[in-house]
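Every chain is numbered from 1 and lettered A, B, ... according to where its sequence line falls, protein lines coming before strand lines. Any value given below was found using the heavy atoms of this structure, including those in side chains, with hydrogens, waters and symmetry copies removed.
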2 protein chains.
Amino acid sequence: MVMSPGAIARYAGAVMSRWKPDADGRLIEAALVLFDRQGYEDTTVADLAASAGLTRRTFFRYFSDKREVLFSGAGELERLWVNAVTGAPKGCGAMVAMEAGFAAVAEVFTERHSFAKIRARIIAANPELQERELIKLEKLASSVAAALEERGIEAGRAALAAYTGVQIFHLAFARWIAQDDPGGLLPLMHESLEELREVLTS
Amino acid sequence: MVMSPGAIARYAGAVMSRWKPDADGRLIEAALVLFDRQGYEDTTVADLAASAGLTRRTFFRYFSDKREVLFSGAGELERLWVNAVTGAPKGCGAMVAMEAGFAAVAEVFTERHSFAKIRARIIAANPELQERELIKLEKLASSVAAALEERGIEAGRAALAAYTGVQIFHLAFARWIAQDDPGGLLPLMHESLEELREVLTS
DNA sequence: ATCCCGGATGTCACTTGGTGCCATCACCCT
DNA sequence: AGGGTGATGGCACCAAGTGACATCCGGGAT
């Protein structure tokens, strides 16, 4: 299981507090287990909260809604990608800067292949969750586009590069989930991008 | 206002029935007006139903949920695009077949510019509606990909062409909404696609 | 030691979206 | 005349969110 920021902080020598530590992490863990076992629809927020030793009201203090418990990692992903784009070698083109994000993202996912598989299975089984996933990708693309603009790339080209890059990531991620090699995400992204270049120019 | 299928059928010589005709059309109309005037969140389904002379329960017989009342056209859009792809000249490449869809889609939207503007304003103001829009585009892309496969195009290339085409449509549509020329959608789509080719190969 | 403050949690009431079930009631067909 | 049909209304109910307030313990200030 991936540790939440809170979990790490408390693990690192914090004193025993009044409440069991890592409430958000426990909620995420409960969600993964229960959603996968009995389905998203058939799991109530009260179920999740009880499984984590909390109440409904407290769940909504950590996550703005029931779907969000599966998407807490989206912010981190966005930060990673944006930083990679921002830190790409000065003067390189839009797509090259974009691809710097590929590497950063692929690396962080290699240790989470089995986690990602379960999560993907849950999401694939429910349209509400797919909607949330799509809007997270949209947000990601728009942030990456902003990072490209920051590098002096014209807005239109930045948007095209960013949205296409995220689209490629999405597709490659789906292929990566469907296979068994946890390290194969980066090559899949590059292959997909090459394939797109081919399709567009043929 | 765009007439719903029911409205057209009844308009074409149907006899007076027990109920006021075009219930779904009235609900859509009410949604456009009320969502725009007082916001999506601050409009209840009961408000919409009352405005159309119906009850909450009846609303949910026409639309599976509150968001869906703004997306009844998605099916028609998908049919149009898929038919265009299927009917494209035999033997032409993936992207050329895709672009046949561009023309079909652009044409149907030229008469709905002001409608589309209002609708876009409503959607832009609410994340729930943006999510629904994104999943409709996803569904559109996947159907177009299937239509491309039907033409003998390999699955991977079909997916890339379809998702990219829909992405381009999405971007061009946003630009079209932001301007005043109701006929300019098709050129915008082609320009955006050309721009993408340039970004990808530079 | 006492007091107070702050922050994480619990409790409760309430609105709204969404659904299942049954009643109604005009129209149509035989 | 009578029965079927289909769109609608009414009602009860569950689950997702939300706002307001109470609680309760640890830590710091006096």
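Across the protein-nucleic acid pair, B:E41 atom CD and C:dT15 atom P stand 17 Å apart, rounded to whole Å. Rounded to whole Å, the distance from CG on B:D24 to C1' on D:dA7 is 12 Å. In this structure, B:F63 places its CZ atom 18 Å from C1' of C:dT19, rounding to the nearest Å. The distance from atom CZ of A:F60 to atom C1' of C:dT15 is 14 Å, rounded to the nearest whole Å. Rounded to whole angstrom, the span from the CZ atom of A:R132 across to the C1' atom of D:dG17 amounts to 13 Å. Nucleotide D:dG10 holds its C1' atom 18 Å from the CZ atom of B:F59, rounded to whole Å. Distance CZ (B:F35) to C1' (C:dG17): 12 Å, rounded to an integer number of Å. Between A:E68 atom CD and D:dA16 atom C1' there is a gap of 15 Å when expressed in whole angstrom units.
Side-chain atoms of A:H190 do not come within 3.5 Å of backbone N or O of A:L185 as any donor-acceptor pair.
Side-chain atoms of A:L200 and B:L193, non-hydrogen and from C-beta on, do get closer than 4.5 Å to each other.
For A:R157, the side-chain hydrogen bond (donor to acceptor under 3.5 Å, both in side chains) test picks out B:E198, B:S202, with sequence neighbours left out.
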Base-contact (B) and sugar-phosphate-only (S) positions in nucleotides 5-14 of chain C, heavy-atom cut-off under 4.0 Å, - elsewhere: --BBBBB---

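Within a 6.0 Å radius of CD in A:E154, other residues, nucleotides and ligands contribute more than 12 heavy atoms.
Within the structure, side-chain hydrogen bond (donor to acceptor under 3.5 Å, both in side chains) pairs that include any residue of residues 163-172 of chain B comprise B:E138-B:Y163 (at least two apart or interchain).
Using cut-offs of 30° and 60° on the angle between ring planes, the pair A:F173 and A:F109 is perpendicular.
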